[in-house]
Protein chains: 2
Amino acid sequence: MNLQNLSTGKKPTRIQREKTGKILDAALDVFSRFGFRGATLDQIADQAGLSKPNLLYYYNSKEDLHNELLAQLMDKWLEPLEKIDPIGSPIDEICSYVCRKLELARDFPRESRLFANEIIQGAPRIADSLTGPLKTLVDEKAALISAWAKAGRIADVDPYHLIFSIWSTTQHYADFDTQIRSVMEDNYASRFEGAENYLSHMFRSTLAI
Amino acid sequence: MNLQNLSTGKKPTRIQREKTGKILDAALDVFSRFGFRGATLDQIADQAGLSKPNLLYYYNSKEDLHNELLAQLMDKWLEPLEKIDPIGSPIDEICSYVCRKLELARDFPRESRLFANEIIQGAPRIADSLTGPLKTLVDEKAALISAWAKAGRIADVDPYHLIFSIWSTTQHYADFDTQIRSVMEDNYASRFEGAENYLSHMFRSTLAI
DNA sequence: GTCAAATCTGACCAAATAGTCAAATAAAAT
DNA sequence: ATTTTATTTGACTATTTGGTCAGATTTGAC
C-alpha cells in the first residue's frame with residue numbers, strides 16, 4: 001500500500017478500510033484459484049467492484065497485493081503449531097494440533113490454496129519466511145517432540161516427518177477439495193467429520209507406545 | 001496433435017517422435033511450475049529448442065498440449081492403486097501401495113505438481129477423469145479395504161480417508177518439496193528414506209488390529 | 001459553505017501472449 | 001533426379017495484461 005495519509009503516520013480512512021477489505025478478499029479468491037501468474041488485476045478489480053486504476057490506487061502493483069496476502073497469511077498459518085504446549089499431555093497436544101489444522105482447512109480453504117500455489121511454484125515470494133520463522137518454529141517443536149519420544153511418552157517417530165504428515169493430510173482437504181468431491185460424492189458433505197475421526201485414529205495409533 | 005500423416009493413419013516420422021518428446025518434456029517442466037495460465041508457449045518453445053510456430057505445428061494450441069500431458073499422466077497415476085491385490089496380505093498390500101506412491105513422488109515430481117496444479121485450480125480440464133475412471137477405481141479398492149476391515153484383518157478405518165491420507169502424505173514430498181528443503185536443510189538429502197520409514201510405521205500402526 | 005485532501009475515472013501505453021500464414025527449406029519416396 | 005510430403009521460419013495479427021497519468025469528483029475537517 002502507498003497512500004499519502006498512511007505514509008505520514010495518520011489513521012486509515014473509512015473508505016480505505018472498506019475498499020482494502022474488498023480488494024484483499026477478491027485477490028485471495030483469484031490468486032488462490034489461478035496462482036500468481038495466472039491471476040489478472042482486471043479479474044480482481046472486477047470481483048472487488050472497482051476499476052483497475054482504482055485498485056492500483058490502493059496497491060501499487062500486482063506483486064504488492066500478493067505480498068500483502070502472504071504476509072497476513074503466514075501468522076495465521078503458524079499459530080496452530082505455536083500452540084503446542086510443552087506442559088500438556090503429548091498425544092493430546094499433537095491431536096489437538098491436528099484438529100486445529102483441520103479447522104483451518106475447513107474454514108480457510110482459499111488461504112490454504114494460496115499457500116499451496118506459492119509453494120508448488122517454488123515459493124519465490126516467501127522463501128525468507130520458510131527458512132526464517134517457519135524453520136525456527138518447526139525446529140523448536142521438533143525438539144519438543146523428540147524429547148517426548150526420548151522420555152518414552154510417545155512412540156519414537158521422526159518429528160519432522162510427523163509434522164509433514166500432519167500438514168499434508170489436513171491441508172489436503174482444502175487444496176484437493178475438487179478431487180475429494182469427485183471421489184466421495186455421497187459423503188462429501190460430512191468429509192470433515194470423517195476426516196477428524198480418521199486422522200484422530202491414525203495419529204493416536206502412530207504415537208501410541 | 002494434428003499432423004497430416006498421422007490423421008491419415010500413417011506412422012509417426014523419426015522427427016515427429018523426437019520433437020514431440022522434447023516438447024512434452026519442456027511443457028511438463030513449465031506447466032508444472034506455473035500452472036496452465038501461468039505457463040507461456042514462448043517459454044515452452046524456448047526450452048524445447050524450437051520456435052513457437054514450430055511448436056504449434058505439432059500441437060495446435062496451448063490447451064491441446066496441456067491435455068496431452070494430463071492424458072498421459074492419468075494412467076501412470078492410477079497404476080499403483082490398481083496393483084493392490086485382493087489376494088495378498090492386507091497390511092502388506094497397503095504398505096506396498098504407499099511405497100509405490102512415494103516412489104512416484106520421488107521419480108516424477110513434475111508430474112505430481114502438474115496434477116496438483118490442475119486439482120487446486122478446480123480441475124477444469126480433468127473433471128471427467130476424476131468422476132469417471134478415478135472414482136470407479138477408488139470405489140472398487142475402498143470396497144476391498146472395507147471387506148478386509150469387516151473380516152477383522154485390518155483396523156476398521158474409513159477406506160476413503162485412508163486413501164486420501166496415502167495420497168496426501170506421499171505427494172507432499174513432490175508438491176511441497178520447496179518447503180521440505182527449507183525446513184529440513186541438513187537431512188534434506190535423505191528425505192525419501194526418512195519418509196519411507198516414518199510412513200511405513202504410521203500406516204502399519206493405523207491398520208494394526 | 002470552503003478548501004484541502006482523498007478517491008476515482010477514462011484514455012492511454014508498452015510489453016507479452018496465443019495463434020496464423022505464406023513461403024522457404026529439408027526429408028523421404030519414387 | 002524429381003517430386004511429393006514433412007518441417008521450419010519470419011513476419012504478422014488481435015487480444016490481454018500490468019501499469020501510468022491528468023484531471024474530475026467526492027469526502028471530511030474547519
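Chain A is the first sequence line, chain B the second, and so forth, proteins listed ahead of strands; every chain is numbered from 1.
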Mind telling me whether B:F164 and A:H172 have parallel, tilted or perpendicular rings, with 30° and 60° as the class edges? tilted
Under 4.0 Å: is that the gap between some side-chain N or O of A:Y58 and OP1 or OP2 of C:dC8? yes
From C:dT17, C:dT9, D:dT9, pick the nucleotide closest to the side chain of A:S51? C:dT9
Could you tell me the separation between the NE2 atom of A:H66 and the P atom of D:dG18, rounded to a whole number of Å? 13 Å
Does B:Y57 have a side-chain nitrogen or oxygen under 4.0 Å from the phosphate oxygens OP1 or OP2 of D:dT7? yes
Sorted by position of nearest nucleotide on DNA chain D, 5' first, the leading residue of A:G38 and A:L56 is A:G38
Whole Å only: how far is the CD1 atom of B:I44 from the P atom of C:dT17? 11 Å
A:Q16 vs C:dA6: side-chain N/O to OP1/OP2 distance below 4.0 Å: no
Give the rounded distance in Å between these two atoms: CG of B:D42 and C1' of D:dG10. 14 Å
Check the distance between D:dT17's P and A:L41's CG and give it to me in whole angstrom. 10 Å
Rounding to a whole Å, what distance do you find between B:L50:CG and C:dG19:P? 16 Å
Residue closer to the 5' end of DNA chain C, B:A39 versus B:R14 (nearest nucleotide): B:A39
Between A:N60 (CG) and D:dC21 (C1'), how many Å, whole number? 14 Å
Using only side-chain N and O atoms of A:N54, determine if any of them is under 4.0 Å from OP1 or OP2 of C:dT9. yes
Centre-to-centre under 6.0 Å for B:Y173 and A:H161, is that the case here? yes
D:dC30 pairs with, by Watson-Crick or G-U criteria that keep both distances under 3.5 Å: C:dG1
First encountered from the 5' end of DNA chain C, between A:R37 and B:P53: A:R37
Grab the two heavy atoms, one from B:R125 and one from B:E118, that are nearest each other, plus how far apart they are. N-OE2, 2.9 Å
For B:K22, does the NZ atom sit with more than 12 other heavy atoms under 6.0 Å from it, leaving out its own atoms? no
Is the shortest side-chain heavy-atom distance between A:T136 and A:E140 below 4.5 Å? no
From CG of B:L55 over to P of C:dT20, roughly how many Å is that when rounded to an integer? 13 Å
Look at B:T13 and D:dT7 and indicate whether a side-chain polar atom (N or O) is within less than 4.0 Å of OP1 or OP2. yes
Using atom CZ of B:R17 as one end and atom P of C:dA28 as the other, report the distance to the nearest whole Å. 11 Å
Give B:K52 one of three labels, base, sugar-phosphate or nothing, depending on what nucleic acid heavy atoms sit under 4.0 Å from its own. base
